[in-house]
Amino acid sequence: MTDSQPNDPATSAGNDLGVHQAARLEKLKKIEALGLDPWGQRFDNRLFIEQVRGKASEVQFRKADGSSIPLPDFDGGQAVDYKAWKGEQGAGEEIGPEVRVAGRIILMRTAGKLVFLNIRDLTGDIQIMIPKGHVSDADFELTKLLDFGDLVGVDGRLGRTNTGELTVFAAKLHFMTKTLEPPPEKHAGLQDPELRQRMRYVDLTYNPESLQTFLKRTKIIQSIRSTLAKHSFVEVEGPTLHTIAGGAAARPFVTHHNALDMKLFLRIALELHLKRLMVGGIERVYEMGRVYRNEGISPKHNPEFTMIELYWAYADYKVMMDLTQQIIVEAIEATGQGYQLMWGDLPIDFTPPFQRKTYTELFEQHTGLKIDDSEGIAKLAKKIGLDPTGKHPDVVVSEVFEEKVEDSLIGPIFVTDYPASLCPLTKRSSSNPNIAERFELFIHGMELANAYTELNDPILQESLFKTQLDGMAEEDSMAKMDTDFIRALRYGMPPAGGLGIGIDRLVMLLTNSRSIRDVILFPLLRHE
RNA sequence: GAGAGCGUAGCUCAGUCGGUAGAGCAAAGGACUUUUAAUCCUUGGGUCGAGGGUUCGAGUCCCUCCGCUCUCACCA
């Protein structure tokens, strides 16, 4: 491997990948032989390709009399005959700014003693033309050692080729990084969903829509933070290792601290620590972060996912509703999209205000039954394949609601005012004790946000905790009574509205991604 | 966890009724000074996911296992 064999690497390699790798290693050695560093160096003052494209108007035609005229609009997408246009202008030459760019070679063509590269950076693609004679002989030698995927830097003049394509006419090449693996197919990119997730680095480079999705995700998250900053929210970081996995009904991941010989759980929710901070006087508090639930995997579920929870002192669930709408609307604006989005083939209209309907209203509208008609509801439950026997009538209502109503909610729609018995940990409406001050936001059957007027009565909270734990089977009851949380409430948590939003699902909706795995950079996969 | 589907060259994909493994891109060699997925000529590249079985003969049929995708369940 170290001494260079006289025979062709193609014949000495055992398989095709070996051939690709051997060819690239061979070129790497030749680059070193030219006295160049195949792994590149610091490269100051380069422009992003987007910035270079912004200089397109500086490319002009200077006539013989010294006056400069702008070029016709070449960027309509169609190739044009720039050569003919130049011919009509008479004597003169094209002028353009000197630029420095760097990026990955995604396309490469040679036409005799001309080499065309298309390079890509974070912001876009641009064509590079390298004519023999315009660069040093060593640089032109180097073009023969370039492979798809290599990183190069270029100094050159911005101009246009005969077809009007904006192009950097290279004066100097700077080799940046050799790639030792071949890129995916150059038209189709990387298609295999498993490979796209496992090798996200390849996916991001060669599937621009994948990169755009993740860049949008970042913009959405930045937008949420900025919306909350407008309302004077304080962002905090709670612990991810919990001694008691509380705040939601989900199975936690279990881990262990060696030095303390202590069983620990990865957090399943952010709620209980944020509420402690409310007691501590951080009146508007939120955390956006990862939670871990030891549950199944589906297009809507990943074992670790990102959620935001926030608590607003002296507010209630109605304030949360306004805030939820503002967060989503501003996030859409931040992605540069209009309010009319597509979700697969289905449209979603995010034009505010979002619909608001009560749970009871929706239930009666979709089932044609009164919500207190237990017998009728039990009959309907049986008809749609549910088993209502022995269940509390409110539980049957909830199951029927999930079956008959939720999936048909196109939304965005706020479902408000849940039956109190379904949400024991929520504050009751002061005007009607059978109603819990809660809403959920649904979009195309997907639950996107969940909010409450929070219960801050420690005595009631404790007794409800106990009731809830009593009702749980042993293996489901991973959680224990969080006595410290109750103690915190006893020190006084202000009345407050609380809100949780599934960030991954929001990103799915705003990027038209049908799977959560398309909006999580590195979703959980089995061992390769 | 249950059911269905898929796995063929580095990548994207064909592969008929069970009869010697195919294409495009990529790679190697060559031609070309304005190409746009450049084009043209030549060449090499396969443990058909793994293992077992049926058969004269298996990419193809059967079984087991591994991985992925979809649907359902748990869940957000």
Side-chain angles (χ1 to χ4, degrees), chain A residues 7-24 26-27 77-79 81-83 86 106-118 125-134 140 144 147-149 159-167 169 179-199 202 206 248-251 268-269 291-309 402 440-442 446-450 476 500-506 508 514-517 523 525-528:
Chain A
N7 50 337
D8 188 348
T11 55
S12 60
N15 58 52
D16 195 46
L17 180 57
V19 171
H20 284 78
Q21 291 170 340
R24 283 161 185 264
E26 199 61 34
K27 288 177 187 169
Q78 293 284 319
D81 195 344
Y82 177 39
K83 194 177 182 178
K86 272 195 285 194
I106 52 163
L107 290 173
M108 187 161 47
R109 305 169 284 285
T110 62
K113 296 178 177 61
L114 271 181
V115 177
F116 290 92
L117 307 178
N118 290 69
D125 300 350
I126 198 162
Q127 177 170 270
I128 309 292
M129 184 166 113
I130 308 165
K132 187 175 169 70
H134 289 225
F140 201 76
K144 294 171 186 161
D147 281 304
F148 286 97
R160 290 187 184 272
T161 58
N162 286 347
T163 53
E165 170 103 7
L166 195 67
T167 299
F169 293 83
T179 49
L180 299 179
E181 298 288 337
E185 211 274 346
K186 72 181 176 186
H187 325 309
L190 196 62
Q191 291 297 323
D192 184 322
E194 180 184 354
L195 288 180
R196 290 182 59 187
Q197 290 163 24
R198 246 182 234 293
M199 299 200 288
V202 179
Y206 295 100
R251 292 237 262 283
I268 58 171
V291 296
Y292 307 85
R293 297 190 181 177
N294 208 337
E295 310 278 355
I297 293 174
S298 88
K300 289 177 191 170
H301 300 84
N302 193 60
E304 55 176 314
F305 65 100
T306 302
M307 64 181 305
I308 183 169
E309 284 193 34
E402 278 170 28
E440 289 190 280
L441 176 63
F442 284 94
M446 199 152 66
E447 185 194 327
L448 193 68
N450 191 4
D476 288 333
I501 299 176
I503 298 295
D504 309 283
R505 289 182 174 180
L506 178 61
M508 284 169 70
R514 296 311 298 255
S515 167
I516 199 167
R517 304 164 85 75
L525 293 166
R526 282 174 218 261
H527 285 298
E528 199 163 355

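Residue numbers start from 1 in every chain, and the chains themselves are labelled A, B, ... in the order their sequence lines are given, proteins ahead of strands.
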Paired nucleotide for B:G5 [Watson-Crick or G-U wobble; both distances under 3.5 Å]:
B:C68
C1'-based separation of B:C13 from B:U20 [nearest Å]:
22 Å
Any side-chain to backbone donor/acceptor pair from A:R505 onto A:L448? Under 3.5 Å, distance only.
no
Rounded to whole Å, how long is the line connecting atom CZ of A:R198 with atom P of B:G67?
9 Å
For A:E440, all residues meeting salt bridge (charged side-chain N to carboxylate O under 4.0 Å, His left out), sequence neighbours excluded
A:R438
Using atom C1' in both nucleotides, what's the gap between B:G15 and B:G19 to the nearest angstrom?
14 Å
Searching all strands shown, indicate the nucleotide that pairs with B:U20 (Watson-Crick or G-U wobble; both distances under 3.5 Å).
none
Tell me whether the guanidinium CZ or amine NZ of A:K86 lies under 6.0 angstrom from the six-membered ring centre of A:Y82 and within 45° of its axis.
yes
Taking a pair to mean Watson-Crick or G-U wobble geometry with both distances below 3.5 Å, B:A14 pairs with none
Rounded off to whole Å, could you give me the OH-to-P distance for the A:Y206 and B:C25 pair?
18 Å
Phosphate OP1/OP2 of B:G24 contacted by A:K186 side-chain N/O (<4.0 Å):
no
Is the ring of A:F148 stacked on the base of B:A26, with centres less than 5.5 Å apart and planes under 30° off?
no
Identify each atom pair where a protein N or O and an N or O of nucleotides 29-31 of chain B are less than 3.5 Å apart, giving names and distance.
none

